[in-house]
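Since the structure comes first, as structure tokens, the remarks are kept for the end.
Not measured: the values here are computed from a predicted model. All chains are named by letter (A, B, ...) in the order of the sequence lines, taking the proteins before the strands, and each is independently numbered beginning at 1.
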Amino acid sequence: MKTAIQSAEVIVDIGGQPIRLCCGDPRFLDMVRQRYAGYVSSTSDAKFEFEIELAEPNGESRDEDVQVSWNSGQWHMARGDFRAQFNPAALRGRIRQTINPYSLDSVLRIVHTLLLARQGGFLVHASSAVRNGKAFLFAGISGAGKTTMARLAPADAKLLTDEISYVSFLQDRYIAIGTPFFGELSRVGENVSAPIACLYLLAKGDKNTIEDVSGVDAVRGLLENILFFAKEPELVTIVFEAACSFVKRVPVRRLTFVPDNRVWELIV
Amino acid sequence: MSENQKRYVARSTAIAARALGDELMIMSAISSTLFTLNETAMAIWEAADGATSLEEIVSARICGRYDVVPEVAMKDAEEVVAELAGHGLLLVSPEPIAPAGSPVSKELA
């Protein structure tokens with residue numbers, strides 16, 4: 001049923017999952033449109049909807065760990081700067097935060113990890129780019145070289161993200177999709193997708209080398225980088241299965257590299 | 001060994017396991033910790049149905065397969081079981097353990 005008072009809204013479509021964000025404050029929605037430029041949808045159809053309530057700033061901290069829990073049919077997400085709920089059955093949620101772009105960004109990352117898990121996909125700490133119709137992922141912890149690989153990408157590569165890669169499982173293959181989730185590069189990824197040709201686990205070294213990683217080491221290397229907020233046993237199992245499935249279908253290699261553009265000559 | 005000294009072992013349901021090549025990976029759904037089992041541990045793990053005693057498992061799956069003295073095999077198996085149980089991957093009981101339903105069957109997002 002429509003409410004008597006319609007709040008303004010913007011639809012952000014990441015990975016083919018359009019989320020309607022409703023808020024009574026047009027300044028905030030303008031900020032959302034700018035922040036997610038390239039991912040704002042003009043469709044009137046959104047599968048999911050979040051009502052955003054803005055609170056007055058009160059010294060909130062974004063340094064705390066995010067807490068995600070499942071209770072009474074809803075996901076509950078909280079950090080110093082926001083509280084949110086998401087009811088997956090109703091496809092609806094609520095966010096309470098101050099006017100800033102970071103809280104919503106965190107909620108969207110969490111929500112997408114939850115949505116993707118059910119579909120065999122995941123978000124992973126990796127930069128990624130599409131070249132010659134193939135997507136390449138470069139995974140690693142902070143400082144491993146994700147942003148460096150993105151920065152060194154040749155001009156004909158389309159950058160999907162320098163920070164958080166969106167991995168979807170579609171028609172028995174893994175696809176990387178652009179995201180607006182950026183890191184040091186502060187650049188929204190291109191909203192394009194391609195089948196994943198390889199996942200590289202990054203390490204910096206004094207020469208460029210590539211070695212195959214398989215089996216347990218590949219799963220472990222991937223799991224270490226998957227964004228994983230909820231601790232519910234069923235979700236842990238699903239993510240584990242997704243990681244095992246991924247390494248069976250996609251080559252995983254360790255890329256030790258010198259940070260200059262010659263490294264991209266090895267990426268084929 | 002008398003009947004009441006037997007121990008029964010059963011795989012925890014709060015785990016996810018997957019064989020990859022010759023290795024078995026187990027992820028604890030409670031702690032999100034990843035474990036890899038060696039050949040001996042895999043043999044015990046696969047036979048840990050809650051109805052077969054550890055002694056029978058060692059006799060059939062370890063001594064029957066490897067050239068090892070039963071006492072040594074049993075001691076090694078006890079260490080493996082203690083470690084797996086310590087991580088919540090195996091349940092150990094002096095009585096047979098009834099099969100449990102999945103603890104993770106609730107519908108999530």
Side-chain angles (χ1 to χ4, degrees), chain A residues 17 47-48 68-77 85-93 110-119 212-224 226-249 252, chain B residues 9-50 76 79-81 83-93 97-109:
Chain A
Q17 308 265 25
K47 187 172 179 186
F48 307 96
V68 181
S69 59
W70 171 260
N71 189 19
S72 304
Q74 289 198 109
W75 286 106
H76 296 260
M77 301 158 258
Q85 298 88 41
F86 173 50
N87 182 329
L91 312 177
R92 297 286 181 272
I110 296 166
V111 168
H112 278 283
T113 65
L114 300 173
L115 297 177
L116 271 169
R118 277 285 170 205
Q119 300 159 12
D212 289 335
V213 182
S214 60
V216 172
D217 291 337
V219 173
R220 198 181 293 277
L222 174 56
L223 280 171
E224 284 171 356
I226 288 180
L227 268 77
F228 197 49
F229 300 101
K231 299 298 181 192
E232 272 59 29
E234 185 186 15
L235 222 56
V236 173
T237 303
I238 287 173
V239 171
F240 173 71
E241 292 291 341
C244 292
S245 168
F246 182 92
V247 304
K248 278 190 169 181
R249 291 172 169 83
V252 179
Chain B
V9 288
R11 295 183 289 274
S12 166
T13 51
I15 57 96
R18 179 75 80 94
L20 282 171
D22 297 334
E23 298 174 290
L24 183 73
M25 295 186 75
I26 301 176
M27 190 162 188
S28 165
I30 306 299
S31 66
S32 304
T33 312
L34 200 57
F35 301 89
T36 312
L37 301 194
N38 64 20
E39 211 172 342
T40 309
M42 261 177 83
I44 295 169
W45 171 265
E46 287 167 355
D49 59 2
D76 289 347
E79 287 176 7
V80 168
V81 166
E83 189 176 355
L84 295 179
H87 290 295
L89 306 180
L90 271 185
L91 309 175
V92 185
S93 167
I97 302 165
S102 168
V104 292
S105 58
K106 66 186 178 183
E107 188 66 22
L108 301 179

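- Closest non-hydrogen pair, E23(B) versus V216(A), comes out as OE1-CG2, 3.3 Å.
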(message) Set out, in order, the CA-CA distance, both residues' side-chain angles and the distance that settles side chain to side chain contact (heavy atoms under 4.5 Å, CB included) for M27(B) and V239(A), then state yes or no.
(response) CA-CA 10 Å; M27(B) 190 162 188; V239(A) 171; over 6 Å; no
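- Heavy atoms closer than 4.5 Å to chain A are found nowhere in S31(B), neither backbone nor side chain.
- The distance from atom CG of L235(A) to atom OG of S32(B), rounded to the nearest 0.5 Å, is 9.5 Å.
- Heavy atoms closer than 4.5 Å to chain B are found in both the backbone and the side chain of E241(A).
- Going from atom CG of L20(B) over to atom CG of D217(A) covers 10.5 Å, rounded to the nearest 0.5 Å.
- Among all heavy-atom pairs drawn from A29(B) and T237(A), the shortest one is CB-OG1, 4.1 Å.
- Within a 6.0 Å radius of CD in E83(B), other residues, nucleotides and ligands contribute 12 heavy atoms or fewer.
- The local environment of CD in E79(B) is crowded, with over 12 non-hydrogen atoms from other residues, nucleotides or ligands closer than 6.0 Å.
- For the residue pair R18(B) and S245(A), no side-chain donor N or O sits within less than 3.5 Å of a side-chain acceptor on the partner.
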